[in-house]
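What follows is a set of notes on a single structure, which appears directly below.
So that the names make sense, note that chain A is the first sequence line, chain B the second, and so on, each numbered from 1. Every value quoted in this text rests on a predicted model; they were computed, and no experiment measured them.
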There are 2 protein chains.
Amino acid sequence: MVKRTSFEGDACPIARSLDALGDWWSLLIIREALFGLRRFGEFQNKLGMARNILAVRLRALVDHGILATAPASDGSAYQEYVLTPKGRGTFPILVALRQWSEEFDDRPEEIATVLVDREKGRPVKKLELRAADGRLLTPAETMVKPRPAPRRRSA
Amino acid sequence: MVKRTSFEGDACPIARSLDALGDWWSLLIIREALFGLRRFGEFQNKLGMARNILAVRLRALVDHGILATAPASDGSAYQEYVLTPKGRGTFPILVALRQWSEEFDDRPEEIATVLVDREKGRPVKKLELRAADGRLLTPAETMVKPRPAPRRRSA
DNA sequence: TTGTGTGGTTGCATCATAAAACCGAATGCC
DNA sequence: GGCATTCGGTTTTATGATGCAACCACACAA
């Protein structure tokens with residue numbers, strides 16, 4: 001996407017997230033990583049993407065602290081890519097994307113899988129946004145405020 | 001990005017969402033639309049993006065049923081772009097992106113805003129994933145299952 | 001030593017992107 | 001009505017990210 005207008009310096013947290021995750025492949029790589037994939041070849045086989053692009057993406061994700069390279073694991077002297085806590089923290093994003101598709105896709109019958117809780121095997125609930133006191137919030141009931149000052153003990 | 005490997009036919013709901021939302025600008029346009037922007041020029045000013053790209057993105061979002069064009073509203077004979085229910089349904093995705101940035105960004109002090117509930121003015125809670133019975137779920141406590149058969153009244 | 005599989009990198013053609021010029025229609029000003 | 005300006009895009013052009021395939025380096029095996 002040409003010069004890509006990096007959002008890195010932007011003050012909007014959404015833009016900042018998109019700067020790390022907002023390309024066509026990164027979230028899918030993370031999805032597979034959450035699923036347990038670790039090796040270059042595994043990602044390449046599963047996603048069917050070009051290997052050079054995969055290499056670039058993996059390096060970018062490592063640079064962003066989303067993946068880390070582990071020296072090895074199964075004997076073979078190659079390296080693996082494992083999710084960091086930051087990487088695992090994208091889980092709600094993936095769930096939100098999944099649920100949006102489930103709810104609004106024009107051809108929901110083409111969706112092959114559902115997300116269930118492992119223990120009971122039943123579909124998970126929709127993500128919901130709640131206020132600090134637990135009230136359910138619609139978008140209209142929210143607003144953004146300037147970030148409160150750095151709060152240096154000033155009470 | 002050349003031929004862009006459209007995910008439209010993919011069975012993964014995440015890929016399907018990314019097909020509609022997964023470029024650099026669409027989610028930011030939607031963010032501004034949720035914020036109340038409606039006019040071409042408003043988007044262009046606020047986002048500072050190239051106008052041709054904005055035009056392409058707006059048309060794509062309309063084609064995807066995320067935005068709709070309204071004939072006018074404030075007298076001037078121009079058109080507006082308003083969110084459809086499908087478009088408003090992206091709200092959790094944006095919240096998830098925001099919260100991920102808030103939690104994991106390397107320079108959180110550069111984030112300018114917080115999302116609060118309008119009534120109390122207090123920051124919202126983190127999105128949380130719960131099982132059907134209300135248990136909080138971690139990623140590891142979930143799994144994906146093949147979609148149950150179309151369920152044609154078969155009990 | 002040769003062979004094979006993994007894990008990438010390098011070239012190259014193509015196409016999406018970004019920036020700016022351009023353009024018609026609508027609006028404002030007189 | 002005439003003229004300039006703004007709005008809402010489209011066109012043009014340069015750039016560079018993408019996808020594909022070929023290539024390379026290394027590990028391991030025979």
Any chain of hydrophobic side-chain contacts (each under 4.5 Å) joining I14(A) to L34(B)?
yes

For the CZ atom on R122(A), are there more than 12 heavy atoms of other groups (residues, nucleotides or ligands in this structure) within a distance under 6.0 Å?
no

For E80(A) and dG8(C), what is the distance between atoms CD and P respectively, to the nearest whole Å?
11 Å

Looking at dA18(C), I'd like to know if its phosphate oxygens (OP1 or OP2) sit under 4.0 Å from a side-chain N or O belonging to W25(B).
yes

Of the nucleotides dC22(C), dT9(C), dT27(C), which has the atom closest to the R51(A) side chain?
dT9(C)

Is there a donor in the side chain of T138(A) and an acceptor in the side chain of R88(B), or the other way round, less than 3.5 Å apart?
no

Identify which nucleotide among dT17(C), dG7(C), dT6(D) has an atom closest to any side-chain atom of F40(A), counting heavy atoms from C-beta outward.
dG7(C)

Measure the distance from CG on L47(B) to P on dT17(C) and round it to the nearest whole Å.
15 Å

Does F43(A) reach a base, just sugar-phosphate, or nothing at all? Heavy atoms under 4.0 Å.
nothing

Testing dT6(D), dT10(D), dG8(C) for proximity to the side chain of A55(A), the answer is dG8(C)

Please tell me if Y81(A) has a side-chain N or O lying less than 4.0 Å from either OP1 or OP2 of dG7(C).
no

Provide, to the nearest angstrom, the distance between the CD1 atom belonging to I53(A) and the P atom belonging to dA21(D).
14 Å

Whole-Å distance separating the CD1 atom of I29(A) from the C1' atom of dT18(D)
14 Å

With no angle test and no hydrogens, is the base of dG11(C) tied to the side chain of N52(A) by a donor-acceptor pair under 3.5 Å?
yes

With heavy atoms under 4.0 Å as the rule, sort Q79(B) into base, sugar-phosphate or nothing.
sugar-phosphate

Salt-bridge criterion met for R98(B) and E102(B) (N-O under 4.0 Å):
yes

What's the spacing between T84(B) OG1 and I66(B) CD1 if we round to 0.5 Å?
7.0 Å

Taking 4.0 Å as the cut-off, does a side-chain nitrogen or oxygen of R57(B) come that near to OP1 or OP2 on dA18(C)?
no

Nearest-Å distance for atom pair CG/P, residues N45(B) and dG9(D):
14 Å

Spacing between M49(A) atom CE and dT18(D) atom P, to the nearest angstrom:
9 Å

Gap between atoms CG and C1', on L54(B) and dT10(D) respectively (whole Å):
13 Å

Given dC20(D), dT10(D), dA18(C), which nucleotide is nearest the side-chain atoms of A50(B)?
dA18(C)

Which nucleotide in the list dT27(C), dC20(D), dT6(C) gets nearest to the side chain of Y78(B)?
dT27(C)

Separation of dG9(D) P from E42(B) CD (nearest whole Å)
13 Å

